[in-house]
Amino acid sequence: MSGKFVIARDVEAQLEEWGTLRWLSDPPGTGARQLTVIDVGLAPGKGHNFHKHPDQEEVILVVAGTVEQWVDREKRILGPGDSAFIPADVVHASFNVGQSDAKIVAILGPCVGPVGYELVDVAGDPPWKTLRA
């Protein structure tokens, strides 16, 4: 397989209650087998709550805004150019704590399943449901 160009204006945004997902590389879109890449928009005061990817490592790169990033039970405030590495099966979350939209790029590997992405939501489980209280 040869490479593929992904033009921003051609990528449809998937709307979530907390922001948007734009799938830049995944098995259906690019034929990727090792990397799933997602452009993530976080609305002010919103976030992608605590979850994990059992068989995927992830790098989160902050492109714009101010993000409260959790890796397990450790929290850091990240800005543009900052990143976090999350090993497979480690709980994490990203919250926009700024006044304007935040943007991150999530890079996961290897691809898992037909869409290249797996997620286990743990936001309602202890201790995750009370960490930000």
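All residue numbers refer to positions in the sequence shown, counting from 1.
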For the residue pair His48 and Trp18, what are the closest heavy atoms and their distance? CD2-CZ2, 3.7 Å

Leu108, Phe50: one ILVMFWY side-chain cluster at the under-4.5 Å cut-off? no

I want to check something: taking the side chain as every heavy atom from C-beta on, are Trp128 and Arg73 in contact at a cut-off of under 4.5 Å? yes

Applying salt bridge (Lys or Arg N to Asp or Glu O under 4.0 Å), run through Lys46 and Glu16 and close with a yes or a no. CA-CA 10 Å; Lys46 301 287 184 173; Glu16 301 290 338; over 6 Å; no

Donor-acceptor contact present, side-chain Gln69 to main-chain Lys75, <3.5 Å: no

Trp70 ring centre to Arg76 NZ or CZ under 6.0 Å, with the angle to the axis within 45°? no

Tightest non-hydrogen contact, residues Val40 and Ala106, listed as CG2-CB, 4.5 Å

Where do Thr36 and Ile107 land on the side-chain contact (heavy atoms from CB on, under 4.5 Å) test, with the steps shown first? CA-CA 6 Å; Thr36 295; Ile107 304 158; over 6 Å; no

Would you list the atom pairs, donor with acceptor, under 3.5 Å between side chains in residues 112-124 and any protein atom, with sequence neighbours excluded?
residue, atom, partner, partner atom, Å
Glu118, OE2, Asp55, N, 2.3
Asp121, OD1, Ala123, N, 2.8

Take Leu42 and Phe95, measure what side-chain contact (heavy atoms from CB on, under 4.5 Å) needs, and give me the verdict at the end. CA-CA 7 Å; Leu42 300 171; Phe95 300 96; over 6 Å; no

Is there a donor-acceptor pair closer than 3.5 Å between any side-chain N or O of Asn96 and the backbone N or O of Ser100? yes

So do the side chains of Asp82 and Ile77 get within less than 4.5 Å of each other, counting heavy atoms only? no

Can you give me every donor-acceptor pair (side chain of residues 19-28, partner residue at least two apart or in another chain, under 3.5 Å) with its distance?
residue, atom, partner, partner atom, Å
Arg22, NH1, Asp39, OD2, 2.4
Arg22, NH2, Ala8, O, 2.8
Trp23, NE1, Gln14, OE1, 2.9
Ser25, OG, Thr30, OG1, 2.9
Asp26, OD1, Gly29, N, 2.8

CA sep, side-chain torsions, deciding dist, call: Ser83, Val62, side-chain contact (heavy atoms from CB on, under 4.5 Å): CA-CA 6 Å; Ser83 63; Val62 178; over 6 Å; no

To check you understand the geometry: which heavy-atom pair defines the closest contact between Val90 and Lys52, and what is its length? O-CB, 3.7 Å

Tell me whether Ile86 shares a hydrophobic cluster with Ile104, the cluster being built from Ile, Leu, Val, Met, Phe, Trp, Tyr side chains joined at under 4.5 Å. yes

Do you know the tightest heavy-atom contact between Gly65 and Pro80? O-CD, 3.4 Å

Gly109 backbone acceptor or donor facing Gln56 side chain under 3.5 Å: no

Is any side-chain heavy atom of Val37 less than 4.5 Å from a side-chain heavy atom of Val105? yes

Begin from the C-alpha positions of Cys111 and Leu35 and carry the test side-chain contact (heavy atoms from CB on, under 4.5 Å) through to its verdict. CA-CA 6 Å; Cys111 294; Leu35 294 175; 5.5 Å; no

Please give me the minimum heavy-atom distance between Val71 and Phe85, naming the atom from each residue. CG1-O, 4.2 Å

